[in-house]
A.B. asks: 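Quick one: the structure is below, and I'll ask about it shortly.
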There are 2 protein chains.
Amino acid sequence: MARGTREDRGAFRAFGAFGDLRWSVAIGRAVERMTKASSLGLEAIEVVRLHEQVYQTLTRALMSGRIPPGRKLTSRKLAAELGTSDMPVRAALVRLQSLRALVALPNGSLILPRMRRGQFADLMAARVLCEGQAAELVASHATAADLRAIRQAGAALTQAALDQDIDDYLARNYEFKFHIYRACGSEALIFLIETLWLQAAPFLRQFAGKFEGALAGILEIDYHDELAAALAERNATLAGALMRRDIHEGAEYLLAHGDFDAEASS
Amino acid sequence: MARGTREDRGAFRAFGAFGDLRWSVAIGRAVERMTKASSLGLEAIEVVRLHEQVYQTLTRALMSGRIPPGRKLTSRKLAAELGTSDMPVRAALVRLQSLRALVALPNGSLILPRMRRGQFADLMAARVLCEGQAAELVASHATAADLRAIRQAGAALTQAALDQDIDDYLARNYEFKFHIYRACGSEALIFLIETLWLQAAPFLRQFAGKFEGALAGILEIDYHDELAAALAERNATLAGALMRRDIHEGAEYLLAHGDFDAEASS
DNA sequence: CGATGAATTATGCGATCACATTTTGAGGGA
DNA sequence: TCCCTCAAAATGTGATCGCATAATTCATCG
């Protein structure tokens with residue numbers, strides 16, 4: 001595919017590219033070809049489809065806030081950027097659209113939607129509902145290993161806040177929360193929560209990023225330490241309440257300080 | 001495309017075909033071509049993409065229980081059945097997979113998954129959570145027109161139960177419930193509920209269908225009349241409780257009487 | 001008759017092509 | 001400077017092609 005010849009296109013460099021997309025895809029393909037080497041005693045290699053890799057890459061870019069609201073994502077540009085054809089990109093985009101992470105313009109173009117204040121509040125209310133419930137379930141379902149992992153993730157989160165590293169904080173926050181949710185024992189609930197995060201997470205970085213300096217203060221509305229403790233005590237009611245409060249107060253903070261899209265439309 | 005030449009393939013006739021898929025798709029295409037007729041004063045015609053029509057068709061087939069669990073859905077067969085190429089079918093299938101309505105086998109084939117008892121209980125618990133909350137919201141958000149529509153849908157539902165028509169009952173039940181949810185004012189919640197129904201609805205017909213005769217008794221665990229009344233009085237707490245009870249008792253009934261997949265596997 | 005293995009078919013996945021429409025950009029005129 | 005026009009590029013969408021693997025069929029052998 002003459003990978004070198006497109007080095008200068010870089011339509012997406014504007015927002016820092018997607019990282020090392022092209023490399024990971026290229027490696028994935030090489031790996032795929034090695035699948036049936038020869039019968040030496042080698043472990044099986046998991047085949048990862050291109051469209052899956054593209055999806056993972058786009059998801060990471062979205063979740064970490066590297067794609068600005070309003071950005072149009074075209075399959076051809078992305079395909080060129082990744083060094084693949086349209087097809088795997090289209091499949092990934094269809095997935096993201098069906099999960100409401102992207103929305104279609106009247107002509108079918110897909111954009112990362114702009115977020116209106118009311119919309120964000122709505123999403124956060126749904127998060128409170130689902131994630132509060134998940135936290136309650138975890139208090140009764142979690143294994144000792146789960147609780148240990150949750151505590152560790154919580155410690156890393158605290159450290160990120162103290163380090164004033166907003167990107168690290170958001171990533172650690174995701175890790176901490178999903179360590180909890182994955183231990184709740186309800187596949188259905190986990191899936192719902194994932195879809196909510198896919199819709200909301202792209203905006204956290206935008207809104208939170210404006211207060212780079214004030215990150216230390218965020219611990220005042222962050223109850224993850226108490227939450228981890230409540231889970232360890234298997235206090236479902238308290239854990240649920242703390243999770244809800246954490247999400248609610250974080251949402252209040254962002255609703256107060258973030259700049260959203262104009263409320264008028266639709 | 002020589003549509004007539006495939007008349008005898010009909011791989012999906014086995015479960016009653018998908019209805020009039022091919023016709024609706026063909027009509028859709030004809031309509032699409034008429035879009036830019038001439039500037040007489042005609043109303044605009046909405047262009048509906050093929051992949052969207054395919055998705056709608058498959059969704060209807062799923063939701064009404066016309067596709068048996070374990071059925072493999074292949075893009076080529078469906079495309080032949082519908083008289084289109086693979087591409088629109090693939091897009092529709094990707095959507096259904098990403099919403100967990102279909103699941104992929106290791107080789108990438110998609111099937112309507114079999115449902116295990118624990119899984120179904122899990123889904124129903126998530127429904128109780130989300131739909132209970134939605135009912136509460138409706139009590140405060142609904143307009144008078146909403147309430148009128150809900151009452152009408154409720155009356156139709158009652159009639160279907162008295163008529164002992166299981167398919168009509170399930171369809172009316174869907175209509176009634178979603179009249180409510182759509183009035184809740186939370187787009188996020190509606191979306192979550194839709195995904196839950198897409199996962200659960202394909203099995204309702206299977207499980208409920210075994211008790212063809214006993215349908216009159218279903219009204220004993222069906223609180224839609226009381227629910228409509230509670231909404232009309234804007235009693236949020238009661239409406240939420242009734243919705244939860246309706247779902248819960250319906251789920252208990254199916255869990256007790258339905259035949260699920262063996263619980264063992266994963 | 002039942003099992004085994006080879007040939008055939010079906011299928012997932014990605015690439016490429018084709019077409020209509022939309023979007024963009026340059027040029028020119030008021 | 002602003003607006004209009006028109007050509008060129010971009011884009012969504014669907015069809016078709018090709019390859020590798022998986023599933024199925026069928027014939028042969030025990």
Side-chain angles (χ1 to χ4, degrees), chain A residues 1-3 6 9 11-12 25-26 28-37 44-55 70-97 102-111, chain B residues 1-3 6 9-12 22 25-26 28-37 44-55 70-97 102-111:
Chain A
M1 244 302 95
R3 289 195 20 232
R6 305 205 217 247
R9 292 266 197 104
F12 279 86
V25 169
R29 278 206 279 194
V31 164
E32 192 163 343
R33 271 191 221 96
M34 293 169 54
T35 304
K36 285 197 119 176
I45 291 181
E46 190 185 358
V47 175
V48 182
R49 312 288 179 196
L50 270 184
H51 66 84
E52 181 63 30
Q53 295 180 56
V54 173
Y55 177 76
R71 163 76 61 169
K72 187 155 63 174
L73 300 180
T74 66
S75 57
R76 278 180 168 88
K77 285 230 187 73
L78 287 172
E81 179 83 2
L82 275 70
T84 76
S85 78
D86 274 12
M87 300 273 329
V89 178
R90 284 198 225 179
L93 292 178
V94 167
R95 283 177 69 177
L96 290 170
Q97 181 190 359
L102 302 177
V103 303
L105 300 176
N107 63 19
S109 293
L110 295 176
I111 66 169
Chain B
M1 242 300 96
R3 286 192 25 230
R6 306 205 216 248
R9 292 267 197 104
F12 279 88
R22 195 195 302 229
V25 168
R29 278 206 275 194
V31 164
E32 191 163 344
R33 270 191 222 97
M34 292 169 55
T35 305
K36 285 199 122 176
I45 291 181
E46 189 185 358
V47 175
V48 181
R49 310 293 178 191
L50 270 184
H51 64 84
E52 181 63 29
Q53 296 180 56
V54 173
Y55 177 76
R71 162 78 60 170
K72 188 154 64 174
L73 300 180
T74 67
S75 56
R76 276 179 168 91
K77 284 229 187 75
L78 286 173
E81 179 83 2
L82 275 71
T84 75
S85 78
D86 274 12
M87 300 273 332
V89 178
R90 284 198 226 178
L93 291 178
V94 167
R95 283 176 69 176
L96 290 170
Q97 181 189 1
L102 301 177
V103 304
L105 299 176
N107 63 23
S109 293
L110 295 176
I111 65 169

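Values reported hereafter were calculated over all heavy atoms of this structure, with side chains retained and with hydrogens, waters and symmetry mates removed. Values in this document were obtained by computation on a predicted structure and should not be read as measured data.
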A.B. asks: Hey, does B/Leu73 have a side-chain heavy atom less than 4.5 Å from the side chain of B/Ile111?
C.D. replies: no
A.B. asks: From CG of A/Leu50 over to C1' of D/dA20, roughly how many Å is that when rounded to an integer?
C.D. replies: 14 Å
A.B. asks: Tell me: CG of A/Leu93 to P of D/dG14, nearest whole Å?
C.D. replies: 15 Å
A.B. asks: Looking only at non-hydrogen atoms, find the nearest pair between A/Pro88 and A/Ser85 and report the distance.
C.D. replies: CD-O, 3.3 Å
A.B. asks: Should A/Glu52 and A/Arg95 count as an ion pair when the cut-off is N to O under 4.0 Å?
C.D. replies: yes
A.B. asks: Can you tell me the distance, in whole Å, between the CG atom of A/Leu105 and the C1' atom of D/dT13?
C.D. replies: 16 Å
A.B. asks: Can you name the salt bridge (charged side-chain N to carboxylate O under 4.0 Å, His left out) partners of A/Arg90, sequence neighbours left out?
C.D. replies: none
A.B. asks: Mind calculating the distance between CD (A/Glu52) and C1' (C/dG14) to the nearest angstrom?
C.D. replies: 15 Å
A.B. asks: Nearest whole angstrom, please: distance from the P of C/dG12 to the CG of B/Asp86.
C.D. replies: 8 Å
A.B. asks: Between A/Leu73 (CG) and D/dA10 (C1'), how many Å, whole number?
C.D. replies: 15 Å
A.B. asks: Quick one: does B/Gln53's side chain have a donor or acceptor within less than 3.5 Å of a partner on B/Val48's backbone?
C.D. replies: yes
A.B. asks: As a test of reading the structure: which of C/dA15, D/dA15, D/dA23 is closest to the side chain of B/Arg90, going by heavy atoms?
C.D. replies: C/dA15
A.B. asks: Here's a test of your reading of the structure: between A/Asn107 and B/Leu110, which maps to the more 5' nucleotide of DNA chain C?
C.D. replies: B/Leu110
A.B. asks: Nearest 0.5 Å please: distance from the CG atom of B/Leu102 over to the OG atom of B/Ser109.
C.D. replies: 11.5 Å
A.B. asks: Consider the side chain of A/Ser109, meaning its heavy atoms from C-beta on, and name the nucleotide among C/dT11, D/dG12, D/dA15 that approaches it most closely.
C.D. replies: D/dG12
A.B. asks: Check whether any side-chain nitrogen or oxygen of A/Ser75 sits under 4.0 Å from OP1 or OP2 of D/dG12, and answer yes or no.
C.D. replies: yes
A.B. asks: Rounded to the nearest angstrom, tell me the gap between atom CG in B/Leu78 and atom P in D/dA15.
C.D. replies: 14 Å
A.B. asks: Each nucleotide N or O in nucleotides 5-10 of chain C that has a protein N or O under 3.5 Å away: list the pair and distance.
C.D. replies:
none

A.B. asks: Return the CG to CE distance between A/Leu50 and A/Met87, rounded to the nearest 0.5 Å.
C.D. replies: 11.0 Å
A.B. asks: Measure from CE on B/Met87 to C1' on C/dC17 and round the result to the nearest Å.
C.D. replies: 12 Å
